[in-house]
Amino acid sequence: MLGCVIHGQGDLRVAELPVPEPGPGQALIAVRYGGVCGSDLHYWRHGGVGDFRLREPMVLGHEVVGTVVTYGPGGAGPAPGTAVAVHPATPCGVCPECGAGRRNVCRDTRYLGSAARFPHVQGGFADRVVVPSGQVRALPDGLGLRRAALAEPLAVALHAVRRAGEVAGRHVLVTGAGPIGCLVVAAAKAAGAAQVTVSDLLPEALEYARIAGAGTVVRADDPDDRGWPGEVDVAVEASGVAAGLDTCLRRVRRGGVVVQLGMLPAGHSPFAGNLVVSREIELRGAFRFDGEFDDALTLLAGVPAFDGLISAVVPVGEVESAFALAADRSRSCKVLLDFAPSS
Ligand SMILES: [Zn+2]
Ligand SMILES: [Zn+2]
């Protein structure tokens, strides 16, 4: 079978890999689509994401959907042939965080296609992937595989909005109109936000934010843009650059909440930290998700407009061009790899 293996910075290969066998409690999934994530792009362009560095070759990919092939001994779930999405996280279940119900920050989790631990957890950009059967989710009625590929990033967005606390009736600012920022817009709207404003450097990206439901879009590099709100109740930083965090801190009201969702560059980041003090801003991190994966599938099933955020579906054999496309936000929002046998 074919798989997309990252060997180091700029070294992404489509390779022939052995078909995995499902062990006890595991499911074998025939992958159909894999969404290219910002973290996949970071591994490709920089050899790491945030503070996680590549130390051995790794199959990329954690946004995968497909159909069940079979189960290993003791594995159980949707019948073979069922269309499913894969929850990419396996928390340890025994650490203090797991015990406290914060499984998304489990200190010993396994996450598909992540170099956070060593040996790395191999990912799902392959014709077949083996995962614990408890991570397999049948798609709800009305949801096809293609749109379901947004479940993982939408779950990330839903978790970030949950971290913000009450957003119903509030004005929410989102910095960064990449796929995650756009999905935060949709998540904020679904949570009842009265108004959502999105900033980005690229007008093309801001168009996708509009598709996602943003009422106002502003150019991040234009302080005179008339769309800038006076102040907002909640700001979600989804660009992964310190300047975005700075914008959030300057635009949120006193006592407001800023959620840092974008993964900042490795090491230290400069931002206007004194505003956290003098305005009593609550600065919160948001990392991955847990039960929000199921909420994401439900939300996707009911909102066809999400299809507009999938800007391209590219055969796996053209993975380099798919990654180049996904990395060029003037030409794309979410790019899916297609693992269909015919491609
Ligand atoms: Zn992702
Ligand atoms: Zn744990």
K334 side chain to S311 main-chain N or O, any donor-acceptor pair under 3.5 Å? no

Taken in chain and number order and not counting sequence neighbours, the residues that satisfy salt bridge (charged side-chain N to carboxylate O under 4.0 Å, His left out) with R331 are D328

When every non-hydrogen atom of L337 is compared with those of F323, the smallest separation belongs to CD1-CE1, 4.4 Å

Sorted by chain and number, sequence neighbours left out, side chain to side chain donor-acceptor pair (under 3.5 Å) with D307 holds for R147

field: Cluster check V130, V5: I/L/V/M/F/W/Y, side chain < 4.5 angstrom
entry: no

* Kindly say whether A79 contributes a backbone atom to a donor-acceptor pair with the side chain of T82 at under 3.5 angstrom? => yes

Show the atom names and distances, to 0.1 Å, of all donor-acceptor pairs under 3.5 Å that link a side chain in residues 255-273 to residues at least two apart or in another chain.
from	atom 1	to	atom 2	distance (Å)
Q260	NE2	E237	OE1	2.8
Q260	NE2	G262	O	2.9

d(L183 CG, L309 CG) to nearest 0.5 Å is 5.5 Å

Starting from L150, can I reach V303 by hopping between I/L/V/M/F/W/Y residues whose side chains sit under 4.5 Å apart?
yes

- Task: Determine whether V14 and V313 fall in the same hydrophobic cluster, where Ile, Leu, Val, Met, Phe, Trp and Tyr are linked whenever their side-chain heavy atoms lie under 4.5 Å apart.
- Result: no

#### Entry: Same cluster (ILVMFWY, side-chain, under 4.5 Å), V69 and Y71
no

message = Run T67 and V31 through side-chain contact (heavy atoms from CB on, under 4.5 Å) and show every step you take.
response = CA-CA 7 Å; T67 52; V31 176; over 6 Å; no

So, T247 side chain and A243 main chain: donor-acceptor pair closer than 3.5 Å or not? yes

In short, A286 meets A160 closest at the heavy-atom pair CB-CA, 3.8 Å

Residues 167-190 vs salt bridge (charged side-chain N to carboxylate O under 4.0 Å, His left out), sequence neighbours excluded, gives none

*asked:* Are the side chains of V236 and L173 in contact, using a 4.5 Å heavy-atom criterion?
replied: no

**Asked** So, Y111 side chain and A116 main chain: donor-acceptor pair closer than 3.5 Å or not?
**Response** no

Across all chains, not counting sequence neighbours, the side chain to side chain donor-acceptor pair (under 3.5 Å) partners of S133 are none

| Counting heavy atoms not belonging to E21, are there more than 12 under 6.0 Å from its CD? | no

Please list every donor-acceptor pair under 3.5 Å in which a side-chain atom of residues 227-234 meets a protein atom from a residue at least two apart or in another chain.
from	atom 1	to	atom 2	distance (Å)
W228	NE1	D222	O	2.9
D233	OD1	R253	NE	2.9
D233	OD2	H171	N	2.8

Please walk me through it: do L158 and L299 pass side-chain contact (heavy atoms from CB on, under 4.5 Å)? CA-CA 10 Å; L158 289 170; L299 184 55; 4.1 Å; yes

Determine whether F125 and V316 make a side-chain contact, defined as any pair of heavy atoms from C-beta on separated by less than 4.5 Å.
no

Contact between P153 and P179 at the side-chain level, heavy atoms closer than 4.5 Å - yes or no? no

- Do the side chains of V184 and V161 get nearer than 4.5 Å, heavy atoms only? yes

Review point. Would a distance-only check, ignoring hydrogens and angles, find a side-chain to backbone donor-acceptor pair under 3.5 Å from T298 to D294?
Key: yes

From the list V84, V65, L297, side chain to side chain contact (heavy atoms under 4.5 Å, CB included) with R137 holds only for L297

Please walk me through it: do L12 and V319 pass side-chain contact (heavy atoms from CB on, under 4.5 Å)? CA-CA 8 Å; L12 176 61; V319 63; 3.8 Å; yes

Heavy-atom nearest pair, Y33 first then A149, reads CB-CB, 4.3 Å

inquiry  = I want to check something: taking the side chain as every heavy atom from C-beta on, are L17 and V59 in contact at a cut-off of under 4.5 Å?
reply    = yes

Interatomic distance, CD1@I180 vs SG@C37, rounded to 0.5 Å, equals 5.5 Å

Hits for salt bridge (charged side-chain N to carboxylate O under 4.0 Å, His left out) against D127, two or more places apart or cross-chain, chain-then-number order -> none

Output for pair (E56 CD, Q122 CD), nearest 0.5 Å, gives 6.0 Å

Across all chains, not counting sequence neighbours, the salt bridge (charged side-chain N to carboxylate O under 4.0 Å, His left out) partners of R250 are D246

Smallest heavy-atom separation, G176 atom then S239 atom, equals CA-CB, 3.9 Å

Q | Any donor-acceptor N/O pair, S278 side chain to N274 backbone, under 3.5 Å | A | yes

Separation between CG (L145) and CG (L336), nearest 0.5 Å, reads 10.5 Å

Salt bridge or not for R146 and D338, using N-O below 4.0 Å? no

Residue set satisfying side chain to side chain contact (heavy atoms under 4.5 Å, CB included) with A155, at least two apart, ordered chain then number -> F289, E292, F293, A296

Across all chains, not counting sequence neighbours, the salt bridge (charged side-chain N to carboxylate O under 4.0 Å, His left out) partners of R13 are D11

Distance col, row H120:NE2 vs F52:CZ, nearest 0.5 angstrom, shows 11.0 Å

Nearest heavy-atom contact between M58 and A115 is SD-N, 3.8 Å

Assess the residue pair V172 and V174 against the criterion (side-chain contact (heavy atoms from CB on, under 4.5 Å)); give the C-alpha distance rounded to whole Å, side-chain angles, the decisive distance to 0.1 Å, and a yes or no. CA-CA 7 Å; V172 178; V174 181; 4.2 Å; yes

Checklist line | pair E152-H62: side-chain heavy atoms closer than 4.5 Å | finding: yes

key: Side-chain heavy atoms of R55 within contact of P119, under 4.5 Å   = no

Side-chain donor or acceptor of R32 paired with backbone N/O of F339 under 3.5 Å: no

Would you tabulate the side-chain donor-acceptor contacts of residues 198-220 under 3.5 Å, counting partners in other chains and residues two or more places apart, or write 'none'?
from	atom 1	to	atom 2	distance (Å)
D200	OD1	L202	N	2.9
D200	OD1	R329	NH2	3.0
D200	OD2	A177	N	2.7
D200	OD2	R329	NH1	3.0
D200	OD2	R329	NH2	3.4
R219	NE	L201	O	3.1
R219	NE	D221	OD1	3.4

*Is a donor on one side and an acceptor on the other found under 3.5 Å between the side chain of H87 and the backbone of A89?*
yes

Here the salt bridge (charged side-chain N to carboxylate O under 4.0 Å, His left out) pairs for residues 85-103, sequence neighbours left out, are E97-R107, R103-D290

Kindly indicate whether the side chain of P20, heavy atoms from C-beta on, has any atom under 4.5 Å from the side chain of M1.
-> yes

Correct closest heavy-atom pair for L325 and A312 would be CD2-CB, 3.5 Å

Distance col, row C182:SG vs F306:CZ, nearest 0.5 angstrom, shows 10.5 Å

